[in-house]
Amino acid sequence: MNAPHKHSTTHQHGTSHQHGAPAGHTVPDPSLSPVEHWEQRYGGQERIWSGRVNATLAEVVGGFEPGTSIDLGCGEGGDVLWLAEQGWQARGLDISETAVGRAHAEAAARGLDGAVFTATDLSTWQPEPDSADLVTASFFQSEVELDRVEILRRAASALRPGGHLVTISHAAPPSWADHHPAHMIDVRAEAEQLAQPVADWAVEVAEERRRPAVGPDGAPGEHVDAVLVLRRR
């Protein structure tokens, strides 16, 4: 996701990006721009993620009244498609034209007019203020340069009063791995960074949640997710 370029190892649970993690994380080629990196990643195979919604996102957002939503680093669109199925006017943003193309195709196959997708570099994207009720980012952590906090702050400016910013991130590598290429998130520190000015934000959730997973060898393991929910006052 270039100078701060957007993108994530975005996961949607069940499997990844938005679900589980891709089969293999490799060291990024420093000669590639973020756009080239993610196009290469998506273009190298038919599909990266499961297409299912991130289970934690569904749990958190399921009780919200549907409105207008924006998903950052949407990948192939699993979270956005689910939101549209729940009645949201859901927009997904991703740096990869290939990923966005797959998301468009899936939305059309499901007959979801409420799901729209745009290929954009979030490092330069400027949202319309007070235009959304929900901003989501699932595993918005990158193997290549990404100004995560600045992008999330800017995206949060799109929220209307009463709207929510929901981020779900890797708090630790998978239990079977000693390393993960993306930077791990301290959810409490991130809450302090994003809930600014303090008078404008209510921190509804800032915690780590464990969930079961299956390792590459088929053995049971777990992921630790950082779950943050902020409400604009």
Side-chain angles (χ1 to χ4, degrees), residues 1 3-8 10 12 18 53-54 56-75 77-95 99-100 103-104 107 112-142 146-169 185 187-206 226-233:
M1 263 175 183
H5 249 48
K6 121 175 203 177
H7 205 92
S8 75
T10 194
Q12 284 153 189
Q18 250 115 192
V53 67
N54 177 316
T56 304
L57 181 81
E59 179 183 340
V60 170
V61 174
F64 295 169
E65 185 70 24
T68 301
S69 66
I70 301 170
D71 186 52
L72 309 178
C74 68
D79 287 351
V80 178
L81 296 166
W82 179 84
L83 286 164
E85 289 172 340
Q86 310 312 305
W88 292 83
Q89 291 298 309
R91 181 184 180 194
L93 306 176
D94 200 280
I95 200 170
V100 164
H104 272 303
L112 292 173
D113 295 335
V116 297
F117 299 91
T118 304
T120 188
D121 175 4
L122 292 181
S123 69
T124 57
W125 170 70
Q126 294 290 339
E128 181 183 345
D130 300 320
S131 62
D133 303 293
L134 174 67
V135 172
T136 58
S138 295
F139 303 96
F140 189 61
Q141 295 152 275
S142 186
L146 171 72
D147 193 344
R148 171 189 167 89
V149 171
E150 173 56 29
I151 291 169
L152 289 173
R153 282 176 175 161
R154 202 177 330 120
S157 72
L159 290 170
R160 303 181 179 102
H164 290 86
L165 172 66
V166 177
T167 68
I168 299 164
S169 315
I185 299 301
V187 69
R188 292 163 190 83
E190 183 152 281
E192 291 182 5
Q193 290 177 304
L194 296 177
Q196 297 293 335
V198 173
D200 290 350
W201 296 94
V203 180
E204 296 191 341
V205 178
V227 181
L228 178 64
V229 181
L230 302 181
R231 175 175 51 81
R232 184 179 174 190
R233 297 184 192 274

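Side chains are part of it too, since the values below use all heavy atoms of this structure and drop only hydrogens, waters and symmetry mates.
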Engineer: Report the distance from atom CG of Leu72 to atom CZ of Arg154, rounding to the nearest 0.5 Å.
Structural biologist: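 Atom-to-atom, Leu72:CG and Arg154:CZ are 10.0 Å apart.
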Engineer: Just verifying a value: how many Å separate Leu165 CG and Arg232 CZ, rounded to the nearest 0.5 Å?
Structural biologist: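 The distance works out to 12.0 Å.
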Engineer: For a quick test of reading the model, state the closest non-hydrogen atom pair linking Asp133 to Gly67 and the distance between them.
Structural biologist: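 Scanning both residues, the minimum pair turns out to be OD2-CA, 3.4 Å.
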Engineer: Looking only at non-hydrogen atoms, find the nearest pair between Ala155 and Val135 and report the distance.
Structural biologist: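 Minimum heavy-atom contact is O-CG2, 3.6 Å.
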Engineer: Between Val187 and Val227, is a side-chain contact (heavy atoms from CB on, under 4.5 Å) present by the stated rule, with each step listed?
Structural biologist: CA-CA 7 Å; Val187 69; Val227 181; 5.8 Å; no
Engineer: For the backbone of Val116 and the side chain of His104, can you confirm whether one donor and one acceptor N or O come within less than 3.5 Å of each other?
Structural biologist: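 It does not hold such a pair.
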Engineer: Test Leu57 against Val166 for side-chain contact (heavy atoms from CB on, under 4.5 Å), laying out the working first.
Structural biologist: CA-CA 8 Å; Leu57 181 81; Val166 177; 3.9 Å; yes
Engineer: Please determine which of Asn54, Asp79, Asp71, Thr167 meets the side-chain hydrogen bond (donor to acceptor under 3.5 Å, both in side chains) test together with Thr136.
Structural biologist: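 Filter result, single survivor: Asp71.
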Engineer: Name each donor-acceptor pair under 3.5 Å that joins a side chain in residues 81-93 to protein atoms two or more places apart or in another chain, with its distance.
Structural biologist:
unit_1, atom_1, unit_2, atom_2, d
Glu85, OE2, Arg110, NH1, 3.1
Gln86, NE2, Trp82, O, 3.3

Engineer: Quick one: CG on Leu159 to OG on Ser131, what's the gap to the nearest 0.5 Å?
Structural biologist: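 Here the rounded value is 8.0 Å.
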Engineer: Judged by atom type as modelled, is there a donor-acceptor pair below 3.5 Å linking the side chain of Arg153 to the main-chain atoms of Gln193?
Structural biologist: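 Yes; at least one donor-acceptor contact below 3.5 Å.
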Engineer: Any chance you could measure Ser157, atom OG, to Leu152, atom CG, to the nearest 0.5 Å?
Structural biologist: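 Result: 11.5 Å between the selected atoms.
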Engineer: Report the residues that fulfil side-chain contact (heavy atoms from CB on, under 4.5 Å) with Ala195, sequence neighbours left out, ordered by chain and then residue number.
Structural biologist: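 For Ala195 the side-chain contact (heavy atoms from CB on, under 4.5 Å) partners, ignoring immediate neighbours, are Trp201, Val203, Leu230.
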Engineer: Rounded to the nearest 0.5 Å, how far apart are CG of Asp121 and CD1 of Ile95?
Structural biologist: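 Going from the CG atom of Asp121 to the CD1 atom of Ile95 covers 4.5 Å.
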Engineer: If you define the side chain from C-beta out and look only at heavy atoms, does anything of Pro161 sit under 4.5 Å from Asp130?
Structural biologist: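 Yes, at least one pair of side-chain atoms sits under 4.5 Å.
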Engineer: Can you name the closest pair of heavy atoms from Leu122 and Gly73 and give their distance?
Structural biologist: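 Scanning both residues completely, I find the closest heavy atoms to be CD1-N, 4.0 Å.
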Engineer: Please list all pairs passing the salt bridge (Lys or Arg N to Asp or Glu O under 4.0 Å) test where one or both residues lie in residues 187-200, with sequence neighbours left out.
Structural biologist: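 Those involving residues 187-200 are Arg148-Glu190.
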Engineer: If the plane angle is over 60° it's perpendicular, under 30° parallel, otherwise tilted; pick one for His164 and Phe64.
Structural biologist: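 Ring orientation, 0 to 90° scale: parallel.
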Engineer: Does Asp94 reach the main-chain N or O of Val100 with its side chain, forming a donor-acceptor pair under 3.5 Å?
Structural biologist: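 It does not hold such a pair.
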Engineer: How long is the span from the CD1 atom in Ile185 to the CZ atom in Phe140, to the nearest 0.5 Å?
Structural biologist: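 Ile185 atom CD1 to Phe140 atom CZ measures 10.5 Å (nearest 0.5 Å).
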